[in-house]
Amino acid sequence: MTTILGCEETFVPYDYSATIECLENPYKPQYNGGIIVNPELQNGSQGWSKFGNAKVEFREFGDNHYVVARQRNQSFDSVSQTVYLEKELLYTFSAWLQVSEGKAPVRAIFKKNGEYKNAGSVVAESKCWSMLKGGLTVDESGPAELYFESDDTMVEIWVDSVSLQPFTQKEWNFHQEQSIYKARKGAVRIRAVNREGEPIPNATISIQQKRLGFPFGCEVEKNILGNQAYENWFTQRFTVTTFANEMKWYSTEVVRGKEDYSTADAMLRFFKQHGVAVRGHNVLWDDPKYQPGWVNSLSGNDLYNAVKRRVFSVVSRYKGQLAGWDVVNENLHFSFFENKMGTKASYDIYEITHAIDPRATLFINELNTLEEPRDPVSTPARYLQMLKELQSIRISGYIRLAIGLESHFKTPNIPYMRSALDILAATGLPIWLTEIDVEAPPSVQAKYFEQVLREGHAHPQVKGMVVWGGYSPSGCYRMCLTDGNFRNLPTGDVVDMLLREWGGLRSQTTGVTDANGFYEASLFHGDYDLNISHPLTNSSVSQCLKLISDDSSSQTQPSLFVFRV
């Protein structure tokens, strides 16, 4: 796992890959199976046994060997392997699964001391293999039984290419650092020359970041308007925001036919003045508890017309002004509009939104996809099913979809979080963590919050993050960052620490040029003020510098900038 070579540590690299297609043959197990014995089932039953009362068979088809659990009467009737799990390690897990007929969700479970840890799930199909990817940690070391379960007891569960790879915390942190270096930073090479083009050695270089390139933000409410201390605290830190309530239907049309966007308009004006992007939240919310009171009694054409009017009103009003829309909020967990307008209600609402503003990025915004592997409603596999349905929308060209993951955590399962991001990243769509907070005792809340932010920022396909709860006089949803005097709480200190680490809060890099006038630095993407001072003439030059990410290619050479001083 970790090999010591002299004074150097060689870490096992993390495999970010995931496959979301159902394939004729499974791929080889990641990490050659890790600590799983006989991961490709090439050696028959070695390492494997039955779990519950299933009948277990070891089969082969061509060159492929796999195990089948059949005659299942209970969800947990399956195949099993006993593994030893260590408390301090982080485990990434994967397996390839198939069922004998139709489609069925299959979960990977680790049973340890009577506790059941759900490591991930996938909707397995017949006649092709699907990849399950997940992860887990444990509270104490000891043996655990890995098995697979499905509530559909009519199907056989077929298993192949199983992997369980442990990582130390040091290795995990190293993966994050590597990923950040590749995805969030760029190398710059600055050369100072005089008016004759000759190099200037020992010139002093000062590089101050003006704006973080990675969109990092925080939710707000209307109480920010006119509160100078709050405005200052917010605009010094964040480049994107989401309005908690002010754009929602229940805020803009309390009485049918009487729309009032004045508060949302004022907030949007303020953030535009300060260069803060605004996420549209939300066009509609599928939770029946959060409809305008007058909507509940509507049905049929009356409801359809009211919904269509709402969508047109809010989307056309803010067309071209927002960083994307949460269109039908939480429509995996709730189904208010589907129950009243038919099963295609969400599809129709996305289609209408896209027709009104074809250039807008439209998010599926959902909870528990990262937070809770035990929630069957919004697993990565279920999320992908919704994405696939919406990707079939073709009106006014291809729909611009993005993945919104709310990220309301309790105790984070960080290996599962990373694997879930890997699965969704396989779509190639941008991922945002849209409502990050942690509900946990004060003794661990800031620690867990930091873990989530670090993992999100380090994942190469995460394109932005928004914290849910900066400040509210009536109390934040689950977590505030600052008190009423705008002194940071422990969670706010985490934000400031990470912003400094990521190059925010006007962080500064300094150095001197070498004998050939060169100075090299690795900088986070963003906007910078550059100052070069001549060591002999006391002259200086100031320039603006913009460093942006290039997703289309990996940067192997530093960007060269030459300045005359």
Side-chain angles (χ1 to χ4, degrees), residues 208-248 251-252 260-282 314 317-318 320-326 407 432-438 446 449 453 457 464-508 524-529 544:
Q208 186 175 65
Q209 188 172 57
K210 293 192 298 181
R211 182 180 177 87
L212 197 65
F214 178 79
F216 183 57
C218 186
E219 163 268 350
V220 291
E221 299 175 31
K222 61 185 177 183
N223 60 292
I224 194 171
L225 294 175
N227 187 331
Q228 192 67 52
Y230 189 6
E231 291 175 359
N232 292 342
W233 177 87
F234 189 98
T235 55
Q236 285 168 10
R237 288 165 174 79
F238 302 114
T239 58
V240 63
T241 190
T242 304
F243 301 168
N245 299 297
E246 289 76 9
M247 282 188 179
K248 289 173 180 170
S251 296
T252 63
D260 183 0
Y261 289 100
S262 57
T263 302
D265 288 350
M267 292 172 72
L268 185 59
R269 279 195 302 273
F270 168 77
F271 287 110
K272 276 184 179 179
Q273 289 165 6
H274 290 274
V276 176
V278 175
R279 295 190 69 254
H281 181 74
N282 45 53
V314 73
R317 185 179 192 89
Y318 297 118
Q321 301 181 72
L322 303 176
W325 271 113
D326 296 331
S407 308
W432 281 58
L433 310 190
T434 57
E435 303 181 16
I436 305 168
D437 61 15
V438 174
F449 181 51
L453 290 179
H457 181 253
M465 301 193 300
V466 179
V467 176
W468 204 255
Y471 166 69
S472 174
S474 58
C476 301
Y477 174 55
R478 286 180 172 174
M479 187 191 81
C480 285
L481 299 179
T482 184
D483 64 17
N485 294 312
F486 299 96
R487 293 184 296 241
N488 276 354
L489 300 170
T491 47
D493 287 339
V494 167
V495 166
D496 284 2
M497 175 189 68
L498 292 178
L499 280 172
R500 290 189 184 96
E501 191 177 308
W502 300 341
L505 292 175
R506 299 192 68 80
S507 63
Q508 194 159 340
F524 282 90
H525 301 141
D527 298 344
Y528 291 87
D529 286 329
C544 294

Considering non-hydrogen atoms only, spot the tightest contact between Ala264 and Tyr318 and give its length. CB-OH, 3.4 Å
Give a yes or no on whether the backbone of Arg487 and the side-chain of Asn485 come within a donor-acceptor separation of less than 3.5 Å. no
Mind listing the closest non-hydrogen atom pair of Arg506 and Lys210 along with its distance? NH1-CA, 3.8 Å
Ring geometry between Tyr230 and Phe234 (parallel below 30°, tilted from 30 to 60°, perpendicular above 60°): perpendicular
Which value, rounded to the nearest 0.5 Å, describes the distance between Arg317 atom CZ and Leu268 atom CG? 10.0 Å
Donor-acceptor pair, side chain of Glu231 and main chain of Gly226, under 3.5 angstrom: yes
Check: Asp529 and Cys544 side chains under 4.5 Å, non-hydrogen atoms: yes
Report the C-alpha distance between Met465 and Phe214 in whole Å, list the side-chain angles of each, state the deciding distance to 0.1 Å, and finish with yes or no for side chain to side chain contact (heavy atoms under 4.5 Å, CB included). CA-CA 8 Å; Met465 301 193 300; Phe214 178 79; 3.8 Å; yes
Going by heavy atoms in the side chains, are Tyr261 and Val314 under 4.5 Å from each other? yes
At what distance, to the nearest 0.5 angstrom, does CG of Asn223 lie from OG of Ser472? 5.5 Å
Rounded at 0.5 Å granularity, tell me how far CG in Leu499 sits from CE in Met497. 10.0 Å
Using modelled atom types only, decide if a donor and an acceptor are shared between the side chain of Arg211 and the backbone of Gly275 within a distance under 3.5 Å. yes
Show, in sequence, the C-alpha distance, side-chain angles and deciding distance for Gln228 and Asn232, and conclude whether the side-chain hydrogen bond (donor to acceptor under 3.5 Å, both in side chains) test is met. CA-CA 6 Å; Gln228 192 67 52; Asn232 292 342; 3.1 Å; yes
CZ of Arg237 to CZ of Phe216, rounded to nearest 0.5 Å, is 10.5 Å
For the residue pair Trp325 and Met247, what are the closest heavy atoms and their distance? CH2-SD, 4.0 Å
Chi angles and distances behind the side chain to side chain contact (heavy atoms under 4.5 Å, CB included) call for Val240, Trp432: CA-CA 12 Å; Val240 63; Trp432 281 58; 4.1 Å; yes
Rounded at 0.5 Å granularity, tell me how far CE in Met479 sits from CZ in Phe449. 3.5 Å
Would Thr242 and Thr434 count as a side chain to side chain contact (heavy atoms under 4.5 Å, CB included) here? Give the steps. CA-CA 8 Å; Thr242 304; Thr434 57; over 6 Å; no
Side-chain touch Phe243/Val278, heavy atoms, less than 4.5 angstrom: yes
Looking at Thr491 and Ala446, would you say the former's side chain and the latter's main chain have a donor-acceptor pair under 3.5 Å? no
Heavy-atom side-chain contact between Val467 and Leu481 under 4.5 Å: yes
For Gly504 against Leu212, the heavy-atom pair lying closest together: N-CD1, 3.9 Å
Using 0.5 Å steps for rounding, measure from the CH2 atom of Trp468 to the CG atom of Leu433. 13.5 Å
Pair Glu219-His281, side chain to side chain contact (heavy atoms under 4.5 Å, CB included): steps then yes or no: CA-CA 10 Å; Glu219 163 268 350; His281 181 74; over 6 Å; no
Heavy-atom pair with the smallest gap, counting every atom of Asp326 and Asn282: O-CB, 3.2 Å
Using atom types as modelled and distance alone, determine if a side-chain donor or acceptor of Ser251 lies under 3.5 Å from a backbone N or O of Asn245. yes
For the pair Phe486 and Trp233, name the ring-plane relationship: parallel under 30°, tilted 30 to 60°, perpendicular over 60°. tilted
Least distance between heavy atoms, Val494 atom then Leu453 atom: CG1-CD1, 4.2 Å
